[in-house]
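This report refers to the structure that appears directly beneath it.
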There are 2 protein chains.
Amino acid sequence: MELDLPKDLEQPGLDPSKPATIYDVARFAGVSHQTVSRFLRGYEGIRPETRDRVINALQELGYRPNLAARSLTTGRSHRIGALTHEIDQVGPSKIAQGASLAARQAGYLLDIVTLDMSNRDAINEALELIMQHDLAGVLALSSTDEMTQAFEAADFRVPAYVAAESDDARGGHPSELSSVGLPALVGHLASLGHERVLHIAGPTTYSAARNRVRAYQRAAAECGMSSQGVLDGDWSAKSGYDAIMALSGPLTFTAVVAANDQMALGAILALTERGYRIPDDVSVTGIDDIPEAAYFAPPLTTLRVDFATQGRIAVEQLLARIEHRVLPHSPSLPSSLIVRKSTGPAKR
Amino acid sequence: MELDLPKDLEQPGLDPSKPATIYDVARFAGVSHQTVSRFLRGYEGIRPETRDRVINALQELGYRPNLAARSLTTGRSHRIGALTHEIDQVGPSKIAQGASLAARQAGYLLDIVTLDMSNRDAINEALELIMQHDLAGVLALSSTDEMTQAFEAADFRVPAYVAAESDDARGGHPSELSSVGLPALVGHLASLGHERVLHIAGPTTYSAARNRVRAYQRAAAECGMSSQGVLDGDWSAKSGYDAIMALSGPLTFTAVVAANDQMALGAILALTERGYRIPDDVSVTGIDDIPEAAYFAPPLTTLRVDFATQGRIAVEQLLARIEHRVLPHSPSLPSSLIVRKSTGPAKR
DNA sequence: CAAGACAGTGTTACCGGAAACAAGAGTCTG
DNA sequence: CAGACTCTTGTTTCCGGTAACACTGTCTTG
């Protein structure tokens, strides 16, 4: 090999445009590759003089570690697979964003796969793909029944974690959102004199949707309000609109609690088209506080949820498992009631 | 090593819960590891009988390739780094979603990094991280000046591609959106009798924002309308609202063309609060057609953009480079005018 | 002052694949 | 029927790291 090369290549590794390896660095510094490796992993017992030579060589050659090689030997990678549902909504994408940032700060990269969280085949296909790319862990950024099941059945050989907004059903203690947030929201309506309320729910396969339904019902009962029903939605504005439009006869409620802002938006339009004024005739609330909610007509009273933090927590939980640290007690993230103009005193 | 193991481990590789390697498979099938490797890479010249044994062993051991090892030898990975700006908006996240899907179908995984596309430090930091994780290519899912510059300065050793909505400024032929879509939108306003229009633009560092401004101005001129100005926005509903609120005196225009739906939403609220009725007094249009746009009050006339396809195209362009294929001529994705109730005849 | 102990560094083996090369069994050809 | 050529399969080496172990000197210590 060396035969073809010009004689002046006395400091090999510099010349080819190929990335420098620790061997190149070692040769340049006049040490063994192992010394370089030691330095890179923060080993202390290196003589300052040697250390300087290595540092210089590293610098000079613009060394960048090859993570494929590293993960091949250590068996650990620095990637996390994240499954999230089709993010045409703000919530999920903010969660992903928060997760991505948290992962990055810990030196990990997030492999995000978006899929239809209710489609078992899609889930399995995605898992199949994801399991090939060696990952340090797998994360589901939202929780549906199908996803939970697939996760339980799947044979990851790495830690996996399903980030549920709360796991009331699983015996965990209820989330802040359902134990504090929604009661506050419903209480706000009660204080305005509303006695009959309606809920527009998310898809029942989502644990978040179920929790919100339960919390809504509990809160309504505690406030002495009567729930006039729970309509099915799918998180979209369209479903909120359709749900209201499908109602026949005069309204039996004076307030609507939608499980997210989009459905509230749809509900507002439907109610408006049916001739009701918001909030004079009907009050409407959402959950999430998407950035647009403040600019709805009327601006929406809603419950602000900190999605980014939710994503961050999910990643931290997973990383704790990956690195065999003690699990930090999953902090309950606060939600806050944002009162705008879509709620008002109940009509008598 | 073998000394410690029980004698009955005559088919090693099955037993430990560690993933099976091609060596395990080879031993199980009674062939050499190379035969297994050949089979896996689709080599034809394997005797059917041998092939069957390999297939069986693969199946039996639940073999899954170790992509770290593979990419170490081949020097190729099956991951794509994707940079996108903070996706609290539908457009970017749908682009990411489309890209993710396209990548997955091609056997790649997308490493998505979200960052502030206008913050040079954030960009460089992200690039630094991303370059360590060996990637097959790097993609920027939206295009800002900072991002473009960082890409040009960066020393990826792999293909990189900046997905610009269009690259009018770079001499490329204008995108469908600016050559057909926006003219159609503006033409729609013209046909309703509007003669004085206003534009609310996105941040000027975004090439998409600049293209939309240019296209708007061109289209207005061609329709014989007079542009009453271009207000600065940042894609958010808030910025649309603020832009309108900052105007003093009576309106000099009868129609507003916002560069995206969120800003249109903000503009609608601001105009409403200032006592104008939409569309009776002022018509408002958006661009993007986010799912909520149909449920605004009033439902928004807008230009539908196919974000998912935009993401897909970006990935395909990048993959073509990665795999040294001929670049498919970047297809121009159609946009379509969606007329709803936020536009109406100009007030005399 | 010999014998450990230890600090600092080098050597060798290994991770799981792929490429290059080698070799054995048939098959074909003259 | 021997030599050339194929077809199929096996061996060896390498990718770029890390881990385990081995080897030098110094420094203690009895």
Side-chain angles (χ1 to χ4, degrees), chain A residues 1-2 12-13 16 18-55 57-58 61-78 131-136 157, chain B residues 1-2 12-13 16 18-55 57-58 61-78 131-136 157:
Chain A
M1 271 206 153
E2 293 174 350
K18 288 177 53 181
T21 71
I22 56 169
Y23 292 90
D24 299 327
V25 173
R27 216 173 325 157
F28 188 94
V31 299
S32 79
H33 71 277
Q34 190 53 229
T35 301
V36 178
S37 173
R38 286 194 185 100
F39 171 78
L40 291 173
R41 284 174 309 112
Y43 175 70
E44 293 295 334
I46 301 178
R47 207 180 304 156
E49 171 195 322
T50 312
R51 170 181 300 260
D52 288 344
R53 292 225 306 284
V54 172
I55 292 177
L58 246 20
L61 299 183
Y63 172 79
R64 255 183 250 149
N66 176 330
L67 294 198
R70 184 174 292 173
S71 87
L72 177 59
T73 43
T74 61
R76 277 171 287 134
S77 87
H78 281 77
M131 286 192 290
Q132 292 190 4
H133 295 252
D134 53 3
L135 301 169
R157 310 181 197 239
Chain B
M1 271 207 155
E2 293 174 351
K18 290 177 51 181
T21 71
I22 56 168
Y23 293 89
D24 299 326
V25 173
R27 215 172 328 158
F28 189 94
V31 299
S32 80
H33 70 276
Q34 190 53 227
T35 301
V36 177
S37 174
R38 285 194 185 98
F39 171 78
L40 290 173
R41 284 173 310 112
Y43 176 70
E44 293 295 335
I46 300 178
R47 207 181 305 154
E49 170 196 322
T50 311
R51 169 180 300 260
D52 289 343
R53 291 225 306 284
V54 172
I55 292 176
L58 246 21
L61 299 182
Y63 172 80
R64 256 183 251 148
N66 177 330
L67 294 199
R70 186 173 291 175
S71 88
L72 178 59
T73 42
T74 60
R76 276 170 286 135
S77 88
H78 281 78
M131 285 191 292
Q132 292 190 5
H133 295 253
D134 53 4
L135 301 168
R157 308 178 198 243

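In what follows, chains are A, B, ... by sequence order, proteins preceding strands, each numbered from 1. In this text the structure is predicted, and so the values were computed from the model without any measurement. Below, each value reflects all heavy atoms present in this structure, side chains not excepted, and no hydrogens, waters or symmetry copies.
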Discussion item. So A:Val36 and A:Tyr63, do their side chains get closer than 4.5 Å, heavy atoms only?
Written reply: no
Item to complete: Starting at atom CG of B:Leu61, determine the distance to atom P of C:dG16, rounded to an integer number of angstrom.
Response: 14 Å
Item to complete: Grab the CD1-P distance between A:Ile22 and C:dT12 for me, whole Å please.
Response: 16 Å
Discussion item. Strictly under 4.0 angstrom, non-hydrogen atoms only: write out the protein contact profile of nucleotides 23-28 of chain C, one letter per nucleotide from the 5' end, B, S or -.
Written reply: ------
Discussion item. Could you measure the distance from the CG atom of B:Leu72 to the CG atom of A:Asn66? Nearest 0.5 Å is fine.
Written reply: 6.0 Å
Worksheet item: When the distance from CD of A:Glu49 to C1' of C:dA7 is rounded to whole Å, what number comes out?
Response: 15 Å
Worksheet item: Going 5' to 3' along nucleotides 7-12 of chain D, which nucleotides have protein heavy atoms under 4.0 Å from the base (write B), which only from the sugar-phosphate (write S), and which from neither (write -)?
Response: -BBBBB
Discussion item. Between P on C:dC15 and CG on A:Leu72, what's the gap in Å once rounded to a whole number?
Written reply: 9 Å
Discussion item. Counting only side-chain nitrogens and oxygens, does B:Arg41 get under 4.0 Å of the OP1 or OP2 atom of C:dA19?
Written reply: yes
Fill in: Rounded distance (nearest 0.5 Å) linking atom CZ of B:Arg41 with atom OG1 of B:Thr74
10.0 Å
Item to complete: May I ask you to say what B:Phe39 touches in the nucleic acid, namely base, sugar-phosphate or nothing, with a heavy-atom cut-off under 4.0 Å?
Response: nothing
Item to complete: Please state how far atom CZ in B:Arg64 lies from atom P in C:dG16, giving the value in whole angstrom units.
Response: 14 Å
Fill in: Spacing of B:His78 atom NE2 relative to C:dA18 atom P, expressed in whole Å
11 Å
Item to complete: Check whether any side-chain N or O of A:Ser37 sits under 3.5 Å from a backbone N or O of A:His33 as a donor-acceptor pair, and report yes or no.
Response: no
Fill in: Under-4.0 Å side-chain N/O to phosphate OP1/OP2 contact, B:Arg70 with C:dG16
no
Worksheet entry | Separation of atom CG in B:Leu58 from atom C1' in C:dG17, rounded to whole Å | 14 Å
Worksheet item: Nearest to the side chain of B:Thr74 - C:dC15, D:dT18, C:dA18?
Response: C:dA18
Worksheet item: Rounded to the nearest 0.5 Å, how far does CG of B:Leu58 lie from CG of B:Asp24?
Response: 11.5 Å
Worksheet item: Does a side-chain heavy-atom distance below 4.5 Å link B:Ile46 with B:Val54?
Response: no
Discussion item. To the closest 0.5 Å, what do you measure between CZ (A:Phe39) and OG1 (A:Thr50)?
Written reply: 11.5 Å
Fill in: Atom-to-atom span, CG of A:Asp52 to P of C:dG8 - whole angstrom
14 Å
Item to complete: Look up atom CZ in A:Arg47 and atom CZ in A:Arg53, then write down how far apart they are to the nearest 0.5 Å.
Response: 9.0 Å
Practice prompt. To the nearest 0.5 angstrom, please state how far the CZ atom of B:Arg38 sits from the CD1 atom of B:Ile22.
Written response: 10.5 Å
